[in-house]
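A short write-up of the structure that comes next.
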Amino acid sequence: MERKRKAFRLYVHIPFCMKKCAYCDFLSWRGSREEQERYVQALCREIDFYKGRYPERVSSLFLGGGTPSVLDPRLLDMIMDRLAGAFSFEEDPEISIEVNPGTVTLERLRDHKKMGIDRISFGLQSTNDIQLERLGRIHTYREFLEGYDMARRAGFENINVDLMSGIPGQTLESWRQDLIRVTELEPEHISAYSLIIEEGTPFAQMDLDLPGEDEERDMYEATAAILGEKGYIQYEISNYARPGRACAHNIGYWRRDDYLGLGLGAASLMDEKRWNNTDSIEIYLAHAGDPRRLHVGVEDLPVREQMEEMMFLGLRMMEGVRRQDFQAAFGVSLETVYKEAIRRMAGQGLLADDGERIFLTRRGISLADQVSVEFMF
Amino acid sequence: MDQSKIRNFCIIAHIDHGKSTLADRIIERTGLLTDREMQSQVLDNMDLERERGITIKAQAVRTVYKAQNGEEYIFNLIDTPGHVDFNYEVSRSLAACDGAILVVDAAQGIEAQTLANVYLALDHDLDVLPVINKIDLASADPERVVGEIEDVIGIEAQDAPKISAKTGVNVEHVLEQIVEKIPAPGGDPMEPLKALIFDSLYDPYKGVIVFCRIMEGQVRKGTPIRMMATKAKAEVVEVGYFGAGQFIPCEELQAGMVGYITASIKNVADTRVGDTITNDAKPCAEALPGYKKVNSMVYCGLYPADGAKYQDLREALEKLQLNDAALQYEPETSAALGFGFRCGFLGLLHLEIIQERLEREYALDLVTTAPGVIYKVYKTSGEVIELTNPSNLPDPSEIDYMEEPIVAAEIMVTTEFIGSIMELCQERRGQYQGMEYMEETRALLKYHLPLNEIIYDFFDALKSRSRGYASLDYELCGYERSKLVKLDILVNKEEVDALSFIVHADTAYERGRKMCVKLKDEIPRQLFEIPIQAAIGSKIIARETVKALRKDVLAKCYGGDITRKKKLLEKQKEGKKRMRQVGNVEIPQKAFMSVLKLDDQ
């Protein structure tokens, strides 16, 4: 079958951190210099493999982790070079990097900028040092402020700050303070998550003083209110941006754009096929040059799963799902497939419908998973 | 076969006293099975029975014993169910025998069930051969038990073999005594056929396989037979014996023999336990005594978890009834649960067995409503209703009064626990009838108890309050007028018919409260607040609230999270599909059964 000519997105995983946070279940650890070197070598082999295989344009690149900013600039440079050699990028693509506020220097940030990276995402989480320590973060709020200032000085005009609600010991008041402090810095983008206690993390073992359900919801309400007031537009359940500054790469995930994940454990969706790279570092290092041997959980998505995904991912965005997009993707109308679910959820006041698209109401946002379930077969 | 060389007998014992083990040893010693064929507990061939350590369906096995006098004897060992739920089946099995081996545990001594079975055996004029088992136990005291048997039951026990069925010690004495002490059968082969049905089994190829004891006459291939109570007729296709685990066809069965008959009978309801088979061309004058149609004591609704499986459930029940005439069912409809069946059982154990068989053998997912008993409703109009489904209770204004079934219960207990067991019986509205000391340390408590107080968890409570020492036997002794009310459960202000039950007015409040608490835990939070109320008529007596779900959203869902999230949503959807919709509320099926376990705490 002839492949559709459409742009796709790239994700590159760097599994190293200075220190693992207490809530983190991502694939990451503190690697030695040699380990980092070996990993990047392998990553380059994986990248090289794809040379010429995907001639479509790359519309965005996301360097995630872990903490990609802990890599030696030389290694990061190498990765960027190889990517440029293997893929053809659109003009002026969005290129983001995740940065730990405790690991930045002005010099490094300038290096990032030089490489073409145009978006910095700071994992701040809290402006309260006691909470930061509780989370196992390696930085203080002051260090973040310094890092943020350096990023601006290095010329970054697109900065995201991650904040976390629902932290042990957090109160509604301290959360408000987090939000207000951060908005005063005027970053272009704010991601505000609530803490999820993941199995297998240190937090899952601990008896934590977590905010109650009502308080957590109040925090969520406060987030939308405060950020809205400061000119941030909520475009996804946990994401807020100044006009025009929404993260194109992440929107790609929710719109089901094709994306190719490179590196340990990275996930891909290409041509309605999903897979993951292995999360075993040994296997990765051994076979990175032949990525087909890295792929696990390869799944050709049947149409009904494509539909389910379009709904539960699309509804995460405030814009919701366009009838026209559904029709274009599947050749049937949204009504044909989901009339009953839409009626039910609209009846509960969780879903709104403007004729052109369906989207979550304020109440629906808090109960998004309940709505999503209705769209599963 | 010479009648004088046949011995038809059964083994009676209290649960766990070693009946099945002794049966195994007898089968083994009579050499019909090689060691390799010898599964443990050959008679208990249903998984379920094995797990529970009890025997549910009566079965029989024929073995050949070469006695010390050099003669060969046919032993027909007829197994009997060991639970109070199956008393009638026990009585029919006993009627097929000429003698009974009474197994008594050398450490535990006589228990309530032992006594009940012995009296049943004596009622059938069986010669009872006592055997003291488990002499290998450190706590064994066979001499004391011999005394107990003589004092309590009043049968001679000095010669009783003292054995260990487990190790095989002295089992040969049992075999010899079977020959010596159990009488040979009587009956005239030339008389018209008269055979007692003591069990039957449905086989998809042969039809119903009727287990019977020939009392008079003979039967062979081609004999036209008639079941005297059900009036069903058929022509015999095959007769034979019971090998261990197999059917062995033979020419004919004659008076005194135990065997099986097949006659292309399609429905076990035609061959009810206790009925008499005769020769349709040359019938006997009258049927054997003792036949009765067994009555269900406990009723509940059984519904397929998946409404589309209604027909499958019907077919499964039909098939189970082929082997179990005591199982009754009729279609019913519930607003909450859809189409299902109101089923009648001999008791709660019987119910559980059927439920498990339906789930295990027929792969059905079931929703069971709270079991209840048959109440008699006397209406002001003079009409009397036998109520098996609480939903059918007439309007209180039409009811003059109600009666509930009462059982006469005998509880054997060591003296140290008399106090706590009496307390338990009081709590369950028991009427004290008397107490007999069996010996210094043991007493038999007699109570009249409402059946609905003991069907749930009485047996468990009894065991836990006596550290396992108390034992129970009961039988229905009549109906008594009682202050009964129907307790309704309202979920989100809507009555859920499948959760209604009849309860004594004095305990209604407590049960209603427990129900609400339990349901609150079982019903997941939904998009709105759900009141759960217990009501008697229009009066609300208890209330709990399932708080509305305010937040259910995954904060992060990026490229690497999508597959996992999708699986999670799919799983949630599956769970939702298995819920029952009552009004706007989704109720998990498990909630309907939670009422069975109100007393867990």
Side-chain angles (χ1 to χ4, degrees), chain A residues 9 11 13 26-27 62 64 164-166 191-196 213-214 216-217 220 236-238 249-250 252-254 256 259 261 265-269 274-276 297 299 301 305 308-309 312-313 316 345 347-350 360 363-377, chain B residues 305-308 336 338 491-494 520-531 544-591:
Chain A
R9 303 178 184 279
Y11 173 81
H13 190 74
F26 286 123
L27 207 49
F62 198 101
M164 191 179 276
S165 65
S191 294
Y193 306 108
S194 55
L195 171 66
I196 303 167
E213 190 189 56
D214 286 346
E216 214 196 317
R217 185 176 135 116
Y220 188 73
E236 193 258 2
I237 285 170
S238 306
H249 185 87
N250 286 340
Y253 292 134
W254 303 315
R256 303 188 73 255
Y259 59 95
S268 299
L269 167 67
R274 287 194 182 277
W275 70 84
N276 276 71
E299 202 188 355
L301 298 175
E305 282 192 36
E308 288 174 347
E309 288 186 4
F312 89 79
L313 294 171
R316 290 190 68 87
M345 291 297 97
Q348 302 274 12
L350 302 178
L360 295 175
R363 185 160 169 261
I365 294 169
S366 303
L367 294 162
D369 285 6
Q370 292 278 314
V371 179
S372 296
V373 167
E374 296 295 320
F375 289 91
M376 308 306 283
F377 293 106
Chain B
D306 172 359
V491 173
N492 204 21
K493 316 267 178 184
E494 277 197 53
K520 182 190 168 198
D521 293 342
E522 295 285 349
I523 297 177
R525 294 171 60 190
Q526 291 169 38
L527 298 173
F528 42 87
E529 183 177 290
I530 305 165
E544 293 285 334
T545 306
V546 179
K547 287 203 324 192
L549 186 64
R550 289 186 61 196
K551 187 162 178 289
D552 181 18
V553 52
L554 182 75
K556 283 191 189 193
C557 190
Y558 296 111
D561 309 314
I562 292 168
T563 302
R564 189 168 57 153
K565 181 61 186 170
K566 187 169 60 183
K567 298 268 183 285
L568 227 64
L569 289 170
E570 278 165 356
K571 216 168 125 188
Q572 260 176 284
K573 180 75 178 196
E574 277 310 305
K576 265 178 164 325
K577 281 183 189 162
R578 282 199 299 274
M579 296 216 207
R580 295 290 173 158
Q581 193 84 24
V582 174
N584 272 333
V585 183
E586 285 167 335
I587 304 180
Q589 304 190 334
K590 165 155 117 24

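Within every chain, numbering begins at 1; the chains are lettered A, B, ... in the order of the sequence lines, protein sequences first and strands thereafter. When reading the values below, keep in mind they use all heavy atoms of this one structure, side chains included, and skip hydrogens, waters and symmetry mates.
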- [ ] With a 4.5 angstrom heavy-atom cut-off, could you sort out which part of F377(A) is near chain B: side chain, backbone, both or neither?
- [x] backbone
Open item on the list: Is Q370(A) in contact with chain B via its backbone, its side chain, both, or neither, using a 4.5 Å heavy-atom distance?
Closed with: both
Open item on the list: Rounded at 0.5 Å granularity, tell me how far CD1 in I587(B) sits from CD in E522(B).
Closed with: 11.0 Å
TODO: Sequence neighbours left out, what passes ring pair (Phe, Tyr, Trp, His ring centres under 6.0 Å) with Y558(B)? Give chain and number order.
DONE: W254(A)
Task: Side chain proximity check, V585(B) to Q526(B), heavy atoms < 4.5 angstrom - done: yes
Open item on the list: Among I237(A), N250(A), V371(A), which residue has the highest count of heavy-atom pairs closer than 4.5 Å to chain B?
Closed with: N250(A)
TODO: Pick one of side chain, backbone, both or neither for I365(A), based on which atoms fall under 4.5 Å of a heavy atom in chain B.
DONE: backbone
Task: Parallel, tilted or perpendicular, as decided by the 30° and 60° cut-offs, for the rings of Y253(A) and H249(A) - done: perpendicular
Open item on the list: Quick check: do R550(B) and S366(A) have side-chain heavy atoms less than 4.5 Å from each other?
Closed with: no
Task: Heavy-atom side-chain proximity of L527(B) to R363(A) below 4.5 angstrom - done: yes
- [ ] Identify, with sequence neighbours excluded, every residue that meets salt bridge (Lys or Arg N to Asp or Glu O under 4.0 Å) alongside E309(A).
- [x] R256(A), R274(A), K566(B)
Task: Residue part contacting chain B, namely of Y11(A), when any heavy atom lies under 4.5 Å - done: neither
Open item on the list: If I measure from the heavy atoms of chain B, does R217(A) come under 4.5 Å with its side chain, its backbone, both, or neither?
Closed with: both
TODO: Measure distances from I196(A) to the heavy atoms of chain B and classify the residue's part below 4.5 Å as side chain, backbone, both or neither.
DONE: side chain
Open item on the list: At a heavy-atom distance under 4.5 Å, which candidate from K573(B), Q572(B), K565(B), K577(B) has the highest pair count against chain A?
Closed with: K573(B)
- [ ] Side chain from CB out, backbone as N, CA, C, O: work out which of these in L195(A) comes under 4.5 Å of a heavy atom of chain B, or both, or neither.
- [x] neither
Open item on the list: Is the shortest side-chain heavy-atom distance between L269(A) and I562(B) below 4.5 Å?
Closed with: no
Open item on the list: Using heavy-atom distances under 4.5 Å, tell me whether R9(A) contacts chain B through its side chain, its backbone, both, or neither.
Closed with: neither
Task: Options L301(A), N276(A), D214(A), ranked by heavy-atom pairs under 4.5 Å with chain B, top entry - done: D214(A)
